[in-house]
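Worksheet: the structure to be examined is printed underneath.
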Amino acid sequence: MGTNRAEGAVFNLNVSNTMSQIDNYHDILKRYHKLFAFIKDDPKAVLSAACNIVPFTFYSPFERLTKFRLCRWMHQNNGMKITASMSDVVVPEKVLESQRKLMQELRQVPSSYTILDSNIFQSMVREIKYFAGLNMLTDDDIDVMKQELHRLLDEMELIAARGEYSNGNKAYLYLSNINFEATYTFLEKGSFQLCMFRLYAINYMDSQHPEICRAQKEWIQSLKRYSTLISQSGEIQRMIFFTKQREIVDTL
C-alpha cells in the first residue's frame, strides 16, 4: 500500500490491485476489438445502440475523459481509495492505444444507429463535480476535461450534420424523448447477431442467444419511435440540443 500527499489530502492506492483491474480492462478492449474487426467487413453490417452515457466511440479519443472513466470504475470497485488526484494514476500506453484501435474499429462498421439519452452530458458533468468534491480531480483535470467535452461536442455535432464519420461510413444520431435506464447495443452481420448490455461503468455482458438478440433489437427499434433523428435532418432540434449541452459543460 502506497501513500502520497497532494494539497493536504491523502491518496491511498493498492498498486497491484489497480494494475490488475487495468489489465482486465485491457483484456475487455482487446476482445471487442477482435469482434468489431470481424463485423466491419460486411457492407450490410449494422451497429445499433441506445446510450444513457456518452458513447465510447465519441469520448475514447480524449485521454483525460477516458482516464476519468477508468478511475471512476476502479474507485467504485475498491481498486483504489482516492481523495487526491487521478493524475497520480498512470494508464499504460498499451491501454490508450487499444482504446484508439477499438474506436477506429467501431467507426468502420458500415452503418451505425445511436440513440442518445438527452441527459448524457448532464450526468457526466454531475459525476465530474462529485469526484472533484472528493478531491479526486485537480483544477487542471477539470479544465482539461471541460475543453475535451467541448471538442467532443463539436465533433458530435459535425457528425450529426453530415450523417457520417470522417471515413464516410454512415452514422445516424437520434435524440430520445424519453429516458432509459441502461446502455444497449446490438450488432448484426448476416446471420451473426450479438447483443450487449453495459454493466458496472465500463464492463459489458453480451449474448448470441437468438431470443435475447431478438428482444434487444426490438427494444432498440422501439426506442427509435420515441426519438428524433438529428443526422442530416432535425436541424432545429440538433441546434437546441448541442447549445444546451455546451451550457451544461460550461458549469464545470
Side-chain angles (χ1 to χ4, degrees), residues 1-26 28-29 51-93 95-96 98-100 102-103 116-156 179-183 198-204 244-252:
M1 179 77 70
T3 301
N4 298 317
R5 293 191 178 274
E7 298 179 356
V10 178
F11 175 87
N12 297 312
L13 176 63
N14 184 323
V15 177
S16 61
N17 193 19
T18 298
M19 291 309 299
S20 175
Q21 292 203 48
I22 290 176
D23 287 340
N24 289 340
Y25 175 59
H26 190 223
I28 294 170
L29 293 172
C51 304
N52 69 341
I53 64 167
V54 179
F56 176 88
T57 188
F58 291 114
Y59 78 74
S60 59
F62 301 100
E63 186 172 336
R64 202 71 64 98
L65 288 174
T66 55
K67 186 176 183 181
F68 172 69
R69 181 63 64 186
L70 180 57
C71 288
R72 175 193 178 282
W73 173 64
M74 290 190 296
H75 180 273
Q76 196 166 355
N77 282 277
N78 296 318
M80 63 181 188
K81 300 182 184 299
I82 184 168
T83 55
S85 172
M86 75 172 182
S87 60
D88 293 306
V89 177
V90 177
V91 179
E93 178 58 32
V95 174
L96 298 175
S98 289
Q99 285 189 152
R100 289 189 287 267
L102 177 55
M103 184 273 291
L116 303 174
D117 188 298
S118 60
N119 294 319
I120 56 174
F121 283 92
Q122 186 174 10
S123 298
M124 191 162 200
V125 167
R126 184 169 61 245
E127 287 182 0
I128 291 172
K129 289 179 178 179
Y130 176 77
F131 283 98
L134 297 179
N135 293 323
M136 178 178 171
L137 307 174
T138 64
D139 289 341
D140 179 66
D141 289 327
I142 295 171
D143 287 342
V144 171
M145 284 193 286
K146 183 177 180 178
Q147 294 170 25
E148 289 182 341
L149 283 169
H150 274 295
R151 286 159 51 201
L152 187 159
L153 282 165
D154 290 343
E155 183 188 30
M156 284 184 69
N179 300 128
F180 42 91
E181 65 277 9
T183 288
R198 187 178 69 88
L199 298 172
Y200 315 131
I202 63 173
N203 285 332
Y204 277 86
K244 182 178 179 181
Q245 304 320 301
R246 291 186 177 94
E247 290 173 353
I248 291 171
V249 171
D250 280 336
T251 65
L252 283 173

Search all heavy atoms of Met136 against all heavy atoms of Cys71 and return the closest pair with its distance. CE-CB, 3.3 Å
Is there side-chain contact between Leu252 and Gln147, with at least one heavy-atom pair below 4.5 Å? no
Without swapping roles, check the side chain of Asp143 against the backbone of Asp140 for a donor-acceptor pair under 3.5 Å. no
Can you find a pair of side-chain heavy atoms, one from Tyr25 and one from Gln99, that are under 4.5 Å apart? yes
May I ask you to say whether Asp139 pairs ionically with Lys146, meaning some side-chain N is under 4.0 Å from a carboxylate O? no
Minimum heavy-atom distance between Met124 and Arg69, given as atom pair plus value: CE-NH2, 4.0 Å
Residue pair Met156 / Leu116, side-chain heavy-atom distance below 4.5 Å: yes
For the residue pair Arg126 and Gln122, establish whether any side-chain heavy-atom pair is separated by less than 4.5 Å. yes
Nearest atoms (heavy-atom pairs only) where Asn119 meets Asp117: N-OD1, 2.8 Å
Any side-chain heavy-atom pair of Leu149 and Ile128 under 4.5 Å: yes
Please name the pair of heavy atoms, one in Asn179 and one in Ser118, separated by the smallest distance, quoted to 0.1 Å. ND2-OG, 4.1 Å
Could you tell me which non-hydrogen atom of Ile120 sits nearest to which non-hydrogen atom of Pro55, and how far apart they are? CD1-CD, 4.5 Å
Could you check whether Arg100 pairs with Glu93 (Lys NZ or Arg NE/NH1/NH2 to Asp/Glu carboxylate O, under 4.0 Å)? yes
Quick check: does any side chain N or O of Glu148 sit under 3.5 Å from a backbone N or O of Arg64, one acting as donor and the other as acceptor? yes
Kindly compute the distance separating CD1 (Ile53) from OG1 (Thr183), expressed to the nearest 0.5 Å. 5.0 Å
Between the CZ atom in Phe131 and the CD1 atom in Ile142, the distance rounded to the nearest 0.5 Å is 12.5 Å
On a heavy-atom basis, which atom in Phe68 and which in Leu137 lie closest, and how many Å separate them? CD1-CD2, 4.0 Å
Taken to the nearest 0.5 Å, the spacing of Leu65 CG from Glu63 CD works out to 10.5 Å
Testing Met145, Lys244, His150 for side chain to side chain contact (heavy atoms under 4.5 Å, CB included) with Val249, which one passes? His150
